[in-house]
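Since the structure comes first, as structure tokens, the remarks are kept for the end.
In this chain, numbering begins with 1 at the start of the sequence shown.
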Amino acid sequence: QFSEFYILGSQGQAQDYPREVDVDQAFMVTSGIINHEAAASTYNIRIQVGELLVGQAGPIHLEAGAAWEEHGRLVMPMAGEDQQVIFILERDGQASPYRTLRLWLNVKPSPSP
């Protein structure tokens, strides 16, 4: 019994994730949860770059066997190489993360006017 947590790339598959984005310009990421817990659960998703919160979803209530998927827009707040975007799944109000996913991005600075 577990909860499945995933992110999908631009083609709706576990591939083709963005690798390079521009600072302050939105890009799309799909996240999803499938409840295989054999009981209803409530989830929250936090998306962070370091300690900075850049996105969130929830509360998401799923009955046993139910699935949830959402296309979300993210904006990287600062330029830099190899920035780690952390997707944190919390379940039923537990203090520690239930699942964690990571996406590494190179974030280009804004072009000069």
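- Taking the salt bridge (charged side-chain N to carboxylate O under 4.0 Å, His left out) definition, one finds that Asp22 meets it with Lys108, sequence neighbours left out.
- Listed by first and then second residue, the side chain to side chain donor-acceptor pair (under 3.5 Å) pairs that reach into residues 70-80 are Thr30-His71, sequence neighbours excluded.
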Please output the side-chain donor-acceptor pairs of residues 45-53 that fall under 3.5 Å, not counting sequence neighbours, one pair per line with the distance.
| unit_1 | atom_1 | unit_2 | atom_2 | d |
| --- | --- | --- | --- | --- |
| Arg46 | NE | Glu90 | OE2 | 2.8 |
| Arg46 | NH1 | Gln48 | OE1 | 2.3 |
| Arg46 | NH2 | Glu90 | OE2 | 2.9 |
| Gln48 | NE2 | Gly50 | O | 3.1 |

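- Taking each heavy atom of Glu20 and Leu105 in turn, the nearest pair found is N-CD2, 4.5 Å.
- Between Val23 and Met76, the shortest heavy-atom distance links the atoms CG2-O, 3.4 Å.
- A donor-acceptor contact closer than 3.5 angstrom is absent between the side chains of Tyr6 and Ser31.
- In plain terms, the two heavy atoms of Val54 and Pro77 that are nearest each other are CG1-CD, 4.1 Å.
- Follow the hydrophobic side-chain contacts under 4.5 Å out from Phe87 and you reach Tyr98 in the same cluster.
- Closest of all the heavy-atom pairs between Met78 and Val107 is O-CG1, 3.3 Å.
- Pro97 is linked by a side chain to side chain contact (heavy atoms under 4.5 Å, CB included) to Ile88, Thr100, counting only residues two or more places apart in sequence or in another chain.
- Interatomic distance, CD of Gln94 versus CG of Leu89, reported as 9.5 Å (0.5 Å rounding).
- A donor-acceptor contact closer than 3.5 angstrom links the side chains of Glu4 and His36.
- Take Glu37 and apply the salt bridge (charged side-chain N to carboxylate O under 4.0 Å, His left out) test, not counting sequence neighbours, and it matches Arg91.
- Contact detail for Gln25 and Val75: the closest heavy-atom pair is N-CG1, 4.0 Å.
- Linking Ile, Leu, Val, Met, Phe, Trp and Tyr whenever their side-chain heavy atoms come within less than 4.5 Å puts Leu101 and Trp68 in one cluster.
- Asn106 has its side chain within reach of Asp82: a pair of non-hydrogen atoms, C-beta onward, lies under 4.5 Å apart.
- Put simply, the side chain of Arg99 reaches to within 4.5 Å of the side chain of Phe2, judged on heavy atoms.
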Which donor-acceptor pairs under 3.5 Å do the side chains of residues 56-64 make with protein atoms, sequence neighbours left out?
| unit_1 | atom_1 | unit_2 | atom_2 | d |
| --- | --- | --- | --- | --- |
| His61 | ND1 | Thr42 | OG1 | 3.1 |
| His61 | NE2 | Glu63 | OE2 | 3.2 |

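- Looking at heavy atoms from C-beta onward, Val85 lies out of side-chain contact with Trp104 at the 4.5 angstrom threshold.
- For Gln1 (side chain) and Asn35 (main-chain N/O), no donor-acceptor pair under 3.5 Å exists by modelled atom type.
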